[in-house]
Amino acid sequence: MTYTIEKTATLIGARRYGCHESKIGFLLTDSRSLCFPEETLFFALKSRRNDGHRYIPELYRRGVRNFVVTDVPANYAADYPAANFLRVVSALEALQRLAERHRDAFDIPIVGITGSNGKTMVKEWLHQLMSPDMYVTRSPRSYNSQIGVPLSVWLMNERTRLGIFEAGISQKGEMAALRDIIQPTIAVLTNIGAAHQENFESMEAKCREKVLLFHDADTIVYNADDRMISEVVGELAYTGEKLCWSTRDNSVSMYVKSIAKEGNATTVTYIYKGGEENKYSIPFIDEASVTNSIVCAAVALRLGLGVDALKERMSRLEPVAMRLEVKEGRHGCTLINDSYNSDINALGIALDFMNRRPDHKGRSRTLILSDIFQSGEEPEKLYENVGDLAVKRGVHKLIGIGPTISRYAARARTPEKYGFATVEDFIHSKEFKNLRDEVILLKGARQFGFDKITELLVQKVHETVLEVNLNAMVDNLNHYRSFLRPETKMVCMIKANAYGAGSVEIAKTLQDHRVDYLAVAVADEGAMLRGKGITNSIIIMNPEFSAFKTMFDNDLEPEVYSFRLLSALVKAAEKEGITGYPVHIKIDTGMNRLGFNPERDMDELIDRLKHQDAVIPRSVFSHFVGSDSNDFDNFSAEQFARFDKASQRLQEAFEHKILRHMDNSAGIEHFPDRQLDMCRLGIGLYGVDSRTNTIINNVSTLKTTILQLRHVPASQTVGYSRKGTLERDSVIAAIPIGYADGLNRRLGNRRGYCLVNGQKAEYVGNICMDVAMVDVTGIACAEGDSVEIFGDHLPVTVLSDILGTIPYEVLTGISNRVKRVYFQD
């Protein structure tokens, strides 16, 4: 569906500047995601950290001609002669209003889903249940925010017969706008959990905000067994249908009579609206899946799905892949695995993710795609659109797998295109054998067996992996940003291989989220990042005298902490004919490690800096010794006073702005009045609150598998030096991780433990170089089962406490031979 620019201006109540005819089919809020400029309307959103207006020149150059702005460019007629500018009070509110007016055009069932957990799974399973009978438009991935919801609703078109949209909130006052955009006929509340609780005075307050989605819905769906939810719903003056479900109250509309688990399946027996007893089975046994299936069953039955169809389709539910997965592949390839959605909108998002990656020079982008089902379009038109989308996202090679796409792949405008009827045909082809130095996006419907391709292409390294959740890292970044003023800049520390998480992927994500500076320890780390496509400003915290040329060649900005280093750096810059090279001046206010003395050295430092032009101070900074403890607050105040005085003296000596920074992760939260011009985020970025030694959002999970199970009698020993004497007949699991991987040897001999199927399993005997042994007596497990060393369920802080150290040491100790696997929602 498209709108004329004239109608669009009317719908959002904008004043129009420019009189050029245009049709609007695509909405854009992020300049990096531009695909079809001719029909794109760009919303210049303003946030605490960015302003979309700054991207107008670039977008105009790339072909965009329609912009929603709060500030019309001064010389718009001369500088943008073919553009239309729609001026509004708020670009975000205009985006939401346009989506709301678009929603008004549809008189169809709309399901709105909110809750702390399970929104995406309920949405995707409802799609699996209903899409065989009708064309369903749903939120792509987790597009459930103030921006994501209007972009999702905009995707509805003439073919849509059912809409399913998530509504996510993080603070009070957000749900009303989302409700008005979605206007659900069926409103679902999955549950209320702890997420974002810091922004609400109580769980009840958060529940009241979420149930605002219920207002004006024909039917509401919720768990009647949850006392708090039932009480909050009871407060509403709601007169519509309450389709609540319960395992205890047989008077409700969806009574769950029994839940039986056997093997890898769960059977749910239910009575819907007082009718006959029926049942369905799902191929899952975890509690979240069972609960979400009940919600889906209630909604699907309300939408008219028959009990027989429900039973048949429930048995075939597929797991929801919640994250894009990035893996190191063979022959220099990078694999992006996305089996999340199989529609064209989901494909666009996955291609966008691949397109944003700053990759090696010469590496091409490859899309391996299966047939797309239930698109509502004729195959010829569908795959023509797929080809156009691929070309717009810089795809060089399209490989279509499936009986339909293989017939149309040759028509794609990508430089290379191939079609194969099956995965096996592709695997045995020369095109598969010739995959080299490519970024490969794998996107296939489950029935095609793309896991075979992944298995063959992934780099076989080790059964021990470090899973890195990039979304959790971004959540941590935003958590600390919430303490900062909009103008305060942020330095993110990615030294020590990003605290073990892998500096390249972390840097790419941080660059995507527009942090101001990255910081590494040595120049080689910075040069490596430049080689991987990182363009952010990079600070070198421990510059080596032998690495000046590397820094100059790669635009790396060194810390300067002594007169000897300053002199050598100036001399090296002058030899290269360099002037005005940015450096960062370090003041020692009490760490007694490195830095200029704030009382004795400032006169000489200023004099030396003033009498040369090779380098120029870009920032001046110091370190708090004890911002993580209230016990050191007096000393911290003394430190800040010394730094404040010294840094102001330096600033007074120069006309240009010198950034001042002293707050670290703990200081950002503890000393908000001392954030100055910039703050440095280190361990907090990786999810550890150093003030409380707790986890904010877990980023890194170290996992391995059980290699072998062995029954060992009492009195026998386990491991080297016979340290692990058994006091009972035991089952001992060998796991492929040792001190060469970063598993601290001091955790052995039952000092520490890991989790096997969620249960504690102590390390027995000495931890070896490549293998450790754990006691799994009484734990239901098998060879090949997953083992969590630390992560979502066993916080890294537990290990550091056992070892009498800090989480930094545990995280940075993970060996480079451990494969890193990255996830992004």
Side-chain angles (χ1 to χ4, degrees), residues 32 324-339 347 350-370 386-387 389-401 409-410 412-420 423 425-444 450-462 465-466 468 470 497-498 501-509 511-512 524-536 553-554 816-824:
R32 298 164 297 180
L324 284 161
E325 186 180 50
V326 182
K327 292 184 177 181
E328 181 183 352
R330 299 172 61 189
H331 309 304
C333 293
T334 296
L335 307 181
I336 304 174
N337 189 25
D338 180 22
S339 56
L347 174 62
L351 285 169
D352 187 48
F353 176 80
M354 177 171 69
N355 190 47
R356 292 188 189 184
R357 295 173 52 83
D359 297 299
H360 291 184
K361 184 178 180 181
R363 296 181 83 199
S364 63
R365 296 186 178 97
T366 297
L367 169 62
I368 303 178
L369 179 68
S370 78
V386 166
L389 198 60
V391 169
K392 293 282 188 179
R393 287 294 192 268
V395 171
H396 179 83
K397 184 190 301 182
L398 171 64
I399 297 171
I401 298 179
R413 292 188 294 111
T414 53
E416 294 184 51
K417 48 262 188 179
Y418 308 96
F420 300 92
V423 163
D425 291 342
F426 172 54
I427 289 173
H428 293 100
S429 71
K430 66 178 182 179
E431 282 75 21
F432 179 82
K433 296 178 177 63
N434 290 338
L435 293 173
R436 294 288 190 282
D437 300 314
E438 301 169 38
V439 181
I440 302 172
L441 173 61
L442 289 146
K443 193 155 184 54
F450 270 35
D451 54 329
K452 298 176 185 176
I453 303 175
T454 305
E455 179 68 20
L456 292 171
L457 287 180
V458 74
Q459 183 71 41
K460 303 298 190 300
V461 185
H462 207 356
V465 299
L466 185 74
V468 181
L470 297 176
N497 198 27
S503 58
V504 175
E505 289 296 336
I506 296 296
K508 288 176 179 178
T509 304
Q511 180 168 282
D512 222 22
D524 284 346
E525 290 180 294
M528 181 271 294
L529 292 174
R530 289 287 187 245
K532 300 290 187 179
I534 301 302
T535 58
N536 257 66
D553 289 346
N554 291 280
N816 284 334
R817 80 176 189 176
V818 174
K819 179 173 65 176
R820 272 70 173 172
V821 176
Y822 299 91
F823 298 106
Q824 178 159 321

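Remark: Thr366 OG1 to Ile336 CD1 distance equals 10.5 Å, nearest 0.5 Å. Rounding to the nearest 0.5 angstrom, the gap separating the CG atom in Leu529 from the CG atom in Asn536 is 10.0 Å. Put simply, CD1 on Ile399 and CG on Leu441 are 11.5 Å apart, with the number rounded to the nearest 0.5 Å. Annotation: the span from Ile401 atom CD1 to Phe450 atom CZ amounts to 4.0 Å, rounded to 0.5 Å. Interatomic distance, Leu435 CG to Lys433 NZ, rounded to the nearest 0.5 Å: 10.5 Å. Within the model, atoms OG1 of Thr454 and CG of Leu442 stand 5.0 Å from one another, a figure rounded to the nearest 0.5 Å.
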(request) Apply side chain to side chain contact (heavy atoms under 4.5 Å, CB included) to Glu505 and Val326, showing your working. (result) CA-CA 9 Å; Glu505 289 296 336; Val326 182; 3.8 Å; yes
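With sequence neighbours excluded, the residues forming a salt bridge (Lys or Arg N to Asp or Glu O under 4.0 Å) with Lys327 are Glu325, listed by chain and number. Not counting sequence neighbours, Glu431 has no partner by the side-chain hydrogen bond (donor to acceptor under 3.5 Å, both in side chains) test. Partners of Ser370 under the side-chain hydrogen bond (donor to acceptor under 3.5 Å, both in side chains) rule, at least two apart in sequence or in another chain, do not exist in this structure. The side-chain contact (heavy atoms from CB on, under 4.5 Å) search around Ala390 returns Leu367, Val395, Thr414, not counting sequence neighbours. Applying the ring-ring contact (aromatic ring centres under 6.0 Å, His included) rule to Tyr418 yields no partners; only residues at least two apart in sequence or on another chain are considered. Residues that satisfy the salt bridge (Lys or Arg N to Asp or Glu O under 4.0 Å) test with Arg436, not counting sequence neighbours, are absent from this structure. Partners of Asn497 according to the side-chain contact (heavy atoms from CB on, under 4.5 Å) rule, which considers only residues two or more places apart in sequence or in another chain, are Ser503, Asn816, Arg820. Looking at residues two or more places apart in sequence or on another chain, you find a side-chain hydrogen bond (donor to acceptor under 3.5 Å, both in side chains) between Asp425 and Thr422. Listed by chain and residue number, Ala527, Arg530, Thr550, Leu556 satisfy the side-chain contact (heavy atoms from CB on, under 4.5 Å) test with Asn554 (two or more places apart in sequence, or in another chain).
Taking 4.5 Å as the limit, every side-chain heavy atom of Leu398 sits out of range of all side-chain heavy atoms of Ile368. Looking only at side-chain heavy atoms (C-beta outward), Phe432 and Ile453 come within less than 4.5 Å of each other. The side-chain heavy atoms of Ile427 and Lys452, taken from C-beta on, include a pair separated by under 4.5 Å.
Minimum heavy-atom separation, Lys508 to Lys532: CE-O, 3.9 Å. Across Gly332 and Arg363, no two heavy atoms sit closer than the pair O-NH2, 2.9 Å. Minimum heavy-atom separation, Glu438 to Lys397: OE2-NZ, 3.2 Å. Of all heavy-atom pairs between Cys333 and Asp437, the closest is SG-N, 3.7 Å. The two residues Met528 and Val504 have their closest heavy-atom pair at SD-CG2, 3.4 Å.
Under a 3.5 Å cut-off, the side chain of Lys417 and the backbone N or O of Ala412 do form a donor-acceptor pair. At distances below 3.5 Å, not a single donor-acceptor pair connects side-chain atoms of Arg393 with backbone N or O atoms of Ala350.
Within a 6.0 Å sphere centred on NZ of Lys430, other residues, nucleotides and ligands contribute 12 heavy atoms or fewer.
The aromatic rings of Phe420 and Phe426 lie tilted to each other, with the angle between the two planes from 30° to 60°.
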